[in-house]
Amino acid sequence: MKAITLAVNGQTVSAVVEPRQHLADFLRETLGLTGTHLGCEQGVCGACTVMIDGSPSRSCITYAIACDGTDVRTIEGFDDDALMGELRCSFSSHHGLQCGFCTPGMLITARDVVRRLGDVDDRIVREELSGNLCRCTGYVGIVAAVRGVAKGKLPQRDPVPEASAASTAPVMAAPAAVLVAPASAPGTTAARPATPAPAPSPPRSANAAAWTALEQQVDIDADPAAVWNALRDVRRVAACLPGATIDHVEGTALSGHMTIRFGPIKTRFHGDGIISLDDAGRSGSISGAGRETGGSQAMGEVNYRVLGGAAAGTTRLHVVLRYQLTGALAQFSRGALVQDFVRRMTEIFAANLAAALNDRAVPARTATDVNLVTMVAGVLWRRLRNLFVR
Ligand code: FES
Ligand code: FES
């Protein structure tokens, strides 16, 4: 159990939560905010979308403990919001809802689209809403509703410090296990953040328990000594990692960027890191933090160890990755599909490294970007295979 304090719809909330409780359950079951709907609970449908620190996020794949110190706004927190009022009317007049199950998440995403992009065409609305699924409407009414509200509007460049709902939000009924106080109440120890979270500090933060951890072993068709020698050269490592580029290395410090495409999301992370190597143990670690073009932040640490493989002249690489995302991409902190995605990245890295060490051509996908069609197909194939092999 872990104590957290966050702002929910302008109210400071302190509670003790299970480490694996997701934010949606916390909002619905602990705070009674059932306007946040749960559909897939896999990060796919978007029904559970809420705002976290000014960015739409999937509350079903965001740990509640990862929201310690954040500003969360659910659909209930938009009762008096003028733009949301416009969207509600427009959804109604354009028949943008039928059963209404997707509507809270759809409205929260739509409001973010209008604020961020202003007047937008059909294509952009469809792309921006592609993470919110509706089983009823066929989307035509939804797109028309959003365009109707966006028409003539200019982007609002600084969407995060928008007007707080603190002064108008009703006081939430406090379940026994939860302490709720107005954000401005005297004696409140955890202030509701009015600005985005500060830039990420290097890993091993106080909230490291909220990190997502992945552990993987991959076999590489090359001698352990050659593999270790290659892993000592970060530029060589980056050359085998799809989308990664090292910009600068000085001693143990490095900086670089990574281009990632995942479904409708295409983004680029810039980050700094520290590398440490243990030649005797043939192990190393890279820890660092970065920021992507959309404002999300990441921090993480990868530890790896080179071991002898099952056959002579082969290597087993043991990798442990721990990371945390904040901002819009925080929705992927717990996504099973993304964990598969990272595993697939590791496999591609291992295959590319083996190819490079054995003087075979490294596939073109290592150049600058990730072929997500291939990658997602690989992820889906693995899931299907596991389903039938079980
Ligand atoms: Fe479907 Fe969260 S419930 S994305
Ligand atoms: Fe029913 Fe969208 S209105 S799921």
Side-chain angles (χ1 to χ4, degrees), residues 8 17-18 20-53 55-67 70 72-78 84 87-113 122 125-149 210 212 262-265 296 325-341 376 379-380 383:
V8 179
V17 297
E18 293 277 358
R20 297 194 67 80
Q21 182 178 39
H22 60 58
L23 178 63
D25 273 352
F26 177 68
L27 293 170
R28 289 176 57 84
E29 294 174 13
T30 308
L31 300 184
L33 295 170
T34 53
T36 298
H37 290 173
L38 276 170
C40 64
E41 292 196 67
Q42 291 290 326
V44 174
C45 73
C48 63
T49 303
V50 299
M51 299 297 283
I52 301 177
D53 285 340
S55 298
S57 306
R58 282 159 206 253
S59 54
C60 75
I61 52 172
T62 303
Y63 290 127
I65 60 170
C67 298
T70 65
V72 173
R73 200 168 177 189
T74 69
I75 192 68
E76 291 91 343
F78 290 99
M84 190 62 93
L87 283 163
R88 283 185 168 122
C89 290
S90 192
F91 266 61
S92 178
S93 61
H94 286 91
H95 305 289
L97 71 155
Q98 289 177 28
C99 78
F101 192 84
C102 69
T103 309
M106 196 72 82
L107 283 170
I108 286 178
T109 305
R111 181 180 175 279
D112 174 70
V113 172
D122 269 27
V125 173
R126 286 180 181 276
E127 188 173 308
E128 291 285 331
L129 292 181
S130 61
N132 289 74
L133 305 184
C134 173
R135 62 190 172 184
C136 304
T137 62
Y139 301 100
V140 173
I142 292 173
V143 174
V146 176
R147 286 204 63 192
V149 172
T212 299
F262 196 84
I265 296 170
S296 295
L325 295 167
T326 58
L329 294 184
Q331 57 191 303
F332 293 117
S333 283
R334 207 188 65 129
L337 190 62
V338 173
Q339 294 187 21
D340 281 350
F341 172 90
V376 171
V379 167
L380 292 177
R383 292 192 151 214

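Each ligand, and each atom within it, is numbered from 1 in the order the structure gives.
Distances below 4.0 Å separate heavy atoms of V44 from the following atoms of ligand 1: 4 (S). The atoms of ligand 1 that sit less than 4.0 Å from any heavy atom of G43 are 4 (S). Close approach of ligand 2 to C134 (heavy-atom distance below 4.0 Å) involves ligand atoms 2 (Fe), 3 (S), 4 (S). Annotation for ligand 1: atoms under 4.0 Å from non-hydrogen atoms of R58 are 4 (S). Atoms of ligand 1 lying under 4.0 Å from any heavy atom of E41, numbered from 1 in the order shown and given with element: 1 (Fe), 3 (S). Within ligand 1, counting atoms from 1 as listed, the ones closer than 4.0 Å to a heavy atom of C48 are 2 (Fe), 3 (S), 4 (S). Applying the 4.0 Å criterion to heavy atoms of G100 picks out, from ligand 2, the atoms 1 (Fe), 3 (S). Atoms of ligand 2 lying under 4.0 Å from any heavy atom of C136, numbered from 1 in the order shown and given with element: 1 (Fe), 3 (S), 4 (S). Proximity to Q98 (heavy-atom distance under 4.0 Å) selects the following atoms of ligand 2: 3 (S).
M106 has its side chain within reach of L129: a pair of non-hydrogen atoms, C-beta onward, lies under 4.5 Å apart. Under the 4.5 Å side-chain criterion, counting only non-hydrogen atoms from C-beta, F26 is not in contact with L33. Looking at M84 and I108, their side chains come closer than 4.5 Å, going by heavy atoms from C-beta outward.
Between atom 2 (Fe) of ligand 1 and C45 there is no N/O/S contact shorter than 2.8 Å. Residue contacts to atom 1 (Fe) of ligand 2: C99 brings an N, O or S atom closer than 2.8 Å. Here C40 does not reach atom 2 (Fe) of ligand 1: none of its N/O/S atoms is less than 2.8 Å from the metal.
For the pair N132 (side chain) and G105 (backbone), a donor-acceptor distance under 3.5 Å is present.
Of the protein's non-hydrogen atoms, the one nearest atom 4 (S) of ligand 1 is G46 N, 3.1 Å.
Counting heavy atoms closer than 4.0 Å to ligand 1, residue T49 contributes nothing at all.
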